[in-house]
2 protein chains.
Amino acid sequence: MLKNLSHTEENYLKAIFSLSNKSETAVSTNELAEKIVAKPSSVTDMVQKLAEKKLVDYKKYQGVYLTSNGRKTAVSIIRNHRLWEVFLVEKLDFKWDEVHDFAEQLEHIKSDTLIERLDAFLNFPTHDPHGDPIPDKNGNIAQNLREPLSNINIGSTCTLVGVNDSSSKFLKFLDKSKIKLGSTIKVLHKEEFDNSMHIQVDKNKLSISHQITKNLLVKII
Amino acid sequence: MLKNLSHTEENYLKAIFSLSNKSETAVSTNELAEKIVAKPSSVTDMVQKLAEKKLVDYKKYQGVYLTSNGRKTAVSIIRNHRLWEVFLVEKLDFKWDEVHDFAEQLEHIKSDTLIERLDAFLNFPTHDPHGDPIPDKNGNIAQNLREPLSNINIGSTCTLVGVNDSSSKFLKFLDKSKIKLGSTIKVLHKEEFDNSMHIQVDKNKLSISHQITKNLLVKII
DNA sequence: ACTTATTTTTAGTCTTGTCTAAAAATTTAT
DNA sequence: ATAAATTTTTAGACAAGACTAAAAATAAGT
Ligand SMILES: [Mn+2]
Ligand SMILES: [Mn+2]
Ligand SMILES: [Mn+2]
Ligand SMILES: [Mn+2]
């Protein structure tokens with residue numbers, strides 16, 4: 001079913017998947033180049049190659065879409081990535097800000113059965129350490145309804161279920177502030193002029209900038 | 001300390017290491033080509049590249065030796081390989097004949113701390129599922145004294161501690177014959193004309209060919 | 001010692017994935 | 001509607017890693 005692709009090809013598919021989730025329109029050469037960190041000319045080359053392999057639909061100057069096969073491949077790699085991240089945090093005691101780069105390598109391990117065994121070993125987790133849903137083996141992704149904390153009204157209470165920014169810096173800041181997945185967050189006050197918020201996280205009260213609230217994904221209780 | 005090498009370069013170092021353990025002399029281009037499954041001309045190219053990187057000592061027509069750095073790198077990859085094999089067997093319930101190809105990929109994961117965490121998670125195993133010693137983090141390899149069953153005299157009793165052939169076919173044959181690591185083997189009879197042996201393995205008696213006895217590594221009790 | 005046979009190296013080519021520079025298409029601005 | 005700015009594609013080049021064919025060095029056989 002799924003072809004044998006190079007790490008590079010797989011990374012392109014993953015990047016196209018993630019960009020096409022944001023915009024719903026075709027992914028442009030330029031944005032893909034920025035995501036992959038390569039020149040647009042290189043992207044054009046690769047995209048033409050992926051089109052030949054029927055992994056993307058591509059028309060000159062019109063950007064690129066994943067085909068059904070392309071999407072399946074991308075989702076499978078994301079499944080690998082997130083399961084390995086769970087393994088690294090749950091079993092090897094890494095912190096949630098340490099695992100992404102390892103998973104970036106481990107996601108490319110070619111495995112018929114390995115990833116299913118890993119899934120079972122981890123007790124079929126539904127979310128990775130950053131709150132992102134783990135696609136099931138058929139490629140279905142649970143769509144959790146979640147929105148940035150910045151959208152939440154004063155007085156409402158919600159639970160932290162994810163983050164928009166998985167950078168080590170951001171995650172370490174959250175650790176320091178004792179904000180973690182599952183934390184109960186109550187919006188105490190919203191500052192008009194800079195959109196900062198005063199919130200209560202579990203027992204603690206603190207103020208956080210708009211920059212932060214945009215990147216905290218919550219579910220209203 | 002250890003450079004960033006391609007999978008290919010690492011595989012060459014591993015191959016040179018394993019061949020130079022057998023022969024004690026320089027590794028020839030031809031035997032390396034056979035091991036790697038590539039043409040001798042390709043091997044010459046790569047060996048010259050590794051020599052530039054000071055990972056091997058190489059003189060035209062004289063074969064190749066690992067430098068201290070080359071050996072360190074090779075041993076580190078072997079450590080990775082064997083630890084991942086333990087993980088796959090102990091934690092993911094794979095059989096000992098199923099893990100080699102996965103480990104062949106996993107051994108190349110670049111990891112400062114990952115492999116040390118894995119080691120701890122597995123409780124610092126000393127041997128892989130095929131009885132091969134796992135190098136410690138400093139690159140020291142326990143030299144277990146072991147010899148082929150074919151060397152053992154009639155009447156002697158020994159323990160199976162390793163195999164010379166880790167192919168799936170051989171390992172499955174051993175499973176079928178209820179011969180496993182740790183089994184007690186007593187040599188009941190040696191057939192002169194074909195060097196086959198009649199042995200007792202734990203409770204069972206059976207006859208096995210020279211082909212088999214050469215590949216069973218034992219320690220006399 | 002000389003001739004074969006074998007091993008090893010060189011020379012030249014190919015594929016993958018990248019790059020720069022320049023051309024072409026599209027979009028934006030006047 | 002035309003010109004200017006931007007995006008995207010093409011053309012040509014390069015490094016890594018492999019290959020084939022041919023040359024050079026070493027080893028074996030008489
Ligand atoms: Mn990640
Ligand atoms: Mn990747
Ligand atoms: Mn192995
Ligand atoms: Mn390998």
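Each chain gets a letter, A, B and so on, in the order the sequences are listed, and its residues count up from 1.
Sorted by first and then second residue, the pairs that involve residues 163-173 of chain A and meet side-chain hydrogen bond (donor to acceptor under 3.5 Å, both in side chains), not counting sequence neighbours, are D97(A)-S168(A), D165(A)-S167(A).
Shown here are the salt bridge (Lys or Arg N to Asp or Glu O under 4.0 Å) partners of K53(B), two or more places apart in sequence or in another chain: E9(B). Applying the ring-ring contact (aromatic ring centres under 6.0 Å, His included) criterion to H100(A), with sequence neighbours excluded, gives H81(A). Residues forming a salt bridge (Lys or Arg N to Asp or Glu O under 4.0 Å) with K72(B) (at least two apart in sequence, or on another chain): none.
Here K39(B) does not pair with E34(B) in a salt bridge; the nearest charged N to carboxylate O distance is not below 4.0 Å. With respect to E107(A) and K14(A), a salt bridge is recorded, a charged nitrogen being found less than 4.0 Å from a carboxylate O.
Taking every heavy atom of residues 30-45 of chain A and every atom of DNA chain D, pairs under 4.0 Å involve N30(A), P40(A), S41(A), T44(A), by number. Listed by residue number, S6(B), T8(B), Y12(B) are the residues of residues 5-17 of chain B with a heavy-atom contact under 4.0 Å to DNA chain D.
Side-chain N/O atoms of K60(B) include one lying less than 4.0 angstrom from OP1 or OP2 on dT10(C).
In this structure, Y61(A) atom OH and dT26(C) atom C1' are separated by 8 Å, rounded to whole Å. Rounded to an integer number of Å, the gap from CG of L50(B) to P of dT9(C) is 13 Å. Atom pair Q62(A):CD and dT8(D):P shows a separation of 10 Å (rounding to whole Å applied). Rounding to whole angstrom units, CD of residue E52(A) and C1' of dT15(C) are separated by 13 Å.
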Step-by-step ring-ring contact (aromatic ring centres under 6.0 Å, His included) determination, Y58(B) to Y65(B): CA-CA 7 Å; Y58(B) 166 71; Y65(B) 287 100; over 10 Å; no
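The aromatic rings of F87(B) and F121(B) lie tilted to each other, with the angle between the two planes from 30° to 60°.
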